[in-house]
A.B. asks: 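Here it is, the structure in full.
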Protein chains: 2
Amino acid sequence: MKKLIVASAEEKILEAAKDVFMKYGLYGARMQDIAETANINKALLHYYFRSKEKLFDKVFEGALKKYFQQMDVFSDESLPIKERVLKYVDNLISFLFEYPQMSIFIIKEVSINPELFKEKVHEIKKGKSIGLIKVLEEEIAASRINKFDTAMFMVNLQSLCSYPFIASPLFKISLKANGKDWNKDFNTEKLKESIKNFVEFTFEKK
Amino acid sequence: MKKLIVASAEEKILEAAKDVFMKYGLYGARMQDIAETANINKALLHYYFRSKEKLFDKVFEGALKKYFQQMDVFSDESLPIKERVLKYVDNLISFLFEYPQMSIFIIKEVSINPELFKEKVHEIKKGKSIGLIKVLEEEIAASRINKFDTAMFMVNLQSLCSYPFIASPLFKISLKANGKDWNKDFNTEKLKESIKNFVEFTFEKK
DNA sequence: TTTACATTTAACCAAATGGTTAAACTTTTT
DNA sequence: AAAAAGTTTAACCATTTGGTTAAATGTAAA
């Protein structure tokens with residue numbers, strides 16, 4: 001009988017640490033809690049990662065990388081700009097569906113410790129993708145699209161994509177109080193559709 | 001010489017507790033930290049509020065009340081529905097400008113401890129304001145406005161209003177990387193304007 | 001002034017927390 | 001098989017944590 005392939009202790013720890021840190025943050029998370037979630041001895045945490053801060057760092061770095069990876073699509077010059085934006089929306093929403101705590105986790109930790117963030121971002125972004133705003137402004141300058149407030153568009157777009165996942169516990173209650181059901185009346189396809197409308201509206205508007 | 005009027009210890013504690021709990025959450029916050037922020041002795045916290053949980057409860061309840069208060073405008077039947085929505089946007093954004101951590105604080109604590117939230121909401125909402133969705137559906141049923149997906153509209157509206165404040169630390173970095181400046185290129189008036197556009201768009205669309 | 005009550009503090013305490021150590025057990029290399 | 005390297009554990013430790021206590025101080029009523 002073949003032995004089941006089980007994740008290595010190190011992998012299990014990282015998984016558990018991700019869950020616990022995402023839920024409670026750096027200061028709220030307890031090493032014992034992480035160890036129990038990973039089903040291993042607490043000393044193992046320190047054996048593999050030396051300290052709570054080091055372990056957190058690994059988790060946080062991984063989260064940031066995945067998050068910023070979503071923006072690579074903006075520099076894909078094989079697609080027209082509007083398609084790039086729509087593809088970004090598509091990717092980001094699928095991503096947030098899988099990791100709903102991601103943005104709130106990053107935001108919280110960034111607001112508590114902005115220093116750490118600046119370092120990490122600099123490291124991750126070096127040489128990589130230009131941002132949405134720059135691309136849009138180039139298109140506007142070349143008169144390939146109408147002029148609009150690119151910074152505000154970016155803020156609105158991020159808001160529409162991210163907030164529903166962040167605030168779903170709140171929305172669940174709100175909808176129920178209005179005779180609706182979050183699981184029935186909200187889904188990612190409908191959300192994508194409504195954001196697509198917003199994008200079209202922005203690009204088409206004179 | 002008249003003595004300066006200084007906030008009572010109890011008030012100072014509540015103020016400090018609000019700040020610390022909002023930043024670190026229930027588990028991440030330290031009583032010592034709250035005491036130092038309030039410039040009082042740690043034992044005073046327990047004298048006035050008995051326990052960390054009780055103190056947190058007070059802070060959380062206050063936050064929830066203020067947050068839900070914003071929705072009272074929906075039941076103001078002296079205004080046409082679209083005006084009510086625009087007024088809500090106006091109020092909510094002014095409110096979030098003053099308490100930018102509010103929504104993220106509530107959301108985080110709700111997602112960690114949904115039980116507590118259900119109790120509190122029930123208590124706060126009893127007898128009070130009907131929600132946006134219900135009002136909109138009544139208007140649609142009476143053919144006073146065009147038909148649209150009311151639940152999705154509410155989600156989008158909340159997203160557009162709330163996320164910019166939540167994610168401002170992220171946006172600051174993002175904008176700077178694109179040659180923009182958050183403090184210059186973003187302000188609440190512009191945000192209100194762009195959300196107004198979105199509301200008009202939704203109400204006007206066939 | 002004295003009594004009663006509210007406010008504030010320093011000094012503790014038990015439990016929980018992050019972290020260490022040395023020994024035992026496995027796996028890989030020689 | 002023996003040695004070396006990697007993995008896992010229980011038993012500790014020092015510090016920090018939430019919380020208590022009893023005494024001191026201030027304040028208002030009798």
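No hydrogens, no waters, no symmetry mates; every other heavy atom, side chains included, goes into these values. None of the values given here were measured: they were computed from a predicted structure.
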A.B. asks: Whole Å only: how far is the CZ atom of A/Phe21 from the P atom of C/dG18?
C.D. replies: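 Checked: the CZ to P distance equals 9 Å.
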
A.B. asks: Hey, would you say the A/Phe56 and A/Phe49 ring centroids sit under 6.0 Å apart?
C.D. replies: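 When the ring centroids of A/Phe56 and A/Phe49 are compared, they turn out to be at least 6.0 Å apart.
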
A.B. asks: Please report the distance, rounded to the nearest Å, between CZ in A/Phe49 and P in C/dG18.
C.D. replies: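 Those two atoms, CZ and P, are 16 Å apart.
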
A.B. asks: Rounding to a whole Å, what distance do you find between B/Leu44:CG and D/dA24:P?
C.D. replies: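 Distance, rounded to whole Å: 18 Å.
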
A.B. asks: Picking from D/dT20, C/dG19, D/dA10, which would you name as closest to the side chain of B/Ala43?
C.D. replies: D/dT20

A.B. asks: Please state how far atom NZ in B/Lys42 lies from atom C1' in D/dT16, giving the value in whole angstrom units.
C.D. replies: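 Answer to the nearest Å: 10 Å.
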
A.B. asks: So do the side chains of B/Leu170 and A/Phe117 get within less than 4.5 Å of each other, counting heavy atoms only?
C.D. replies: yes

A.B. asks: Rounded to the nearest Å, what distance is computed from the CG atom of residue B/Leu45 to the P atom of nucleotide D/dT20?
C.D. replies: 12 Å

A.B. asks: At 4.0 Å (heavy atoms only), tell me whether A/Ala35 reaches a base, stays on the sugar-phosphate, or touches nothing.
C.D. replies: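 If one applies the 4.0 Å heavy-atom cut-off, A/Ala35 turns out to touch nothing in the nucleic acid.
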
A.B. asks: On DNA chain C, nearest-nucleotide positions of A/His46 versus B/Asn39: which is more 5'?
C.D. replies: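 Here B/Asn39 is the residue nearer the 5' end.
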
A.B. asks: Report the distance from atom NZ of B/Lys120 to atom CG of B/Leu64, rounding to the nearest 0.5 Å.
C.D. replies: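 Interatomic distance, B/Lys120 NZ to B/Leu64 CG, rounded to 0.5 Å: 8.5 Å.
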
A.B. asks: In whole Å, what is the span from the CD atom of A/Gln32 to the P atom of D/dT17?
C.D. replies: 18 Å

A.B. asks: In terms of relative ring orientation, are A/Phe171 and A/Trp182 parallel, tilted or perpendicular, with 30° and 60° separating the classes?
C.D. replies: parallel

A.B. asks: Which of the following nucleotides, C/dT8, C/dT17, D/dT8, is nearest to the side chain of B/Ala9?
C.D. replies: C/dT8

A.B. asks: Between A/Lys18 and A/Glu15, does at least one N-O distance fall below 4.0 Å, as a salt bridge requires?
C.D. replies: yes

A.B. asks: What is the distance, to the nearest angstrom, from the CZ atom on A/Arg50 to the P atom on C/dT21?
C.D. replies: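 After rounding, the gap between these two atoms is 11 Å.
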
A.B. asks: Would you say the base of D/dG19 and the side-chain of B/Lys52 have a donor-acceptor pair closer than 3.5 Å?
C.D. replies: no

A.B. asks: Counting only side-chain heavy atoms from C-beta out, which of C/dG18, D/dG6, D/dG19 sits nearest to B/Glu53?
C.D. replies: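 Of C/dG18, D/dG6, D/dG19, D/dG19 is nearest to the side chain of B/Glu53.
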
A.B. asks: In whole angstrom, give the distance that lies between atom CE of B/Met31 and atom P of C/dA15.
C.D. replies: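 Rounded to whole Å, this separation is 19 Å.
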
A.B. asks: Using a heavy-atom cut-off of 4.0 Å across all strands, would you classify B/Tyr48 as base, sugar-phosphate, or nothing?
C.D. replies: sugar-phosphate

A.B. asks: Nearest to the side chain of B/Ile40, heavy atoms from C-beta on, is which of C/dT17, C/dT9, D/dG19?
C.D. replies: C/dT9

A.B. asks: Nearest to the side chain of B/Tyr47, which nucleotide is it out of C/dT8, C/dG18, D/dA10?
C.D. replies: C/dT8

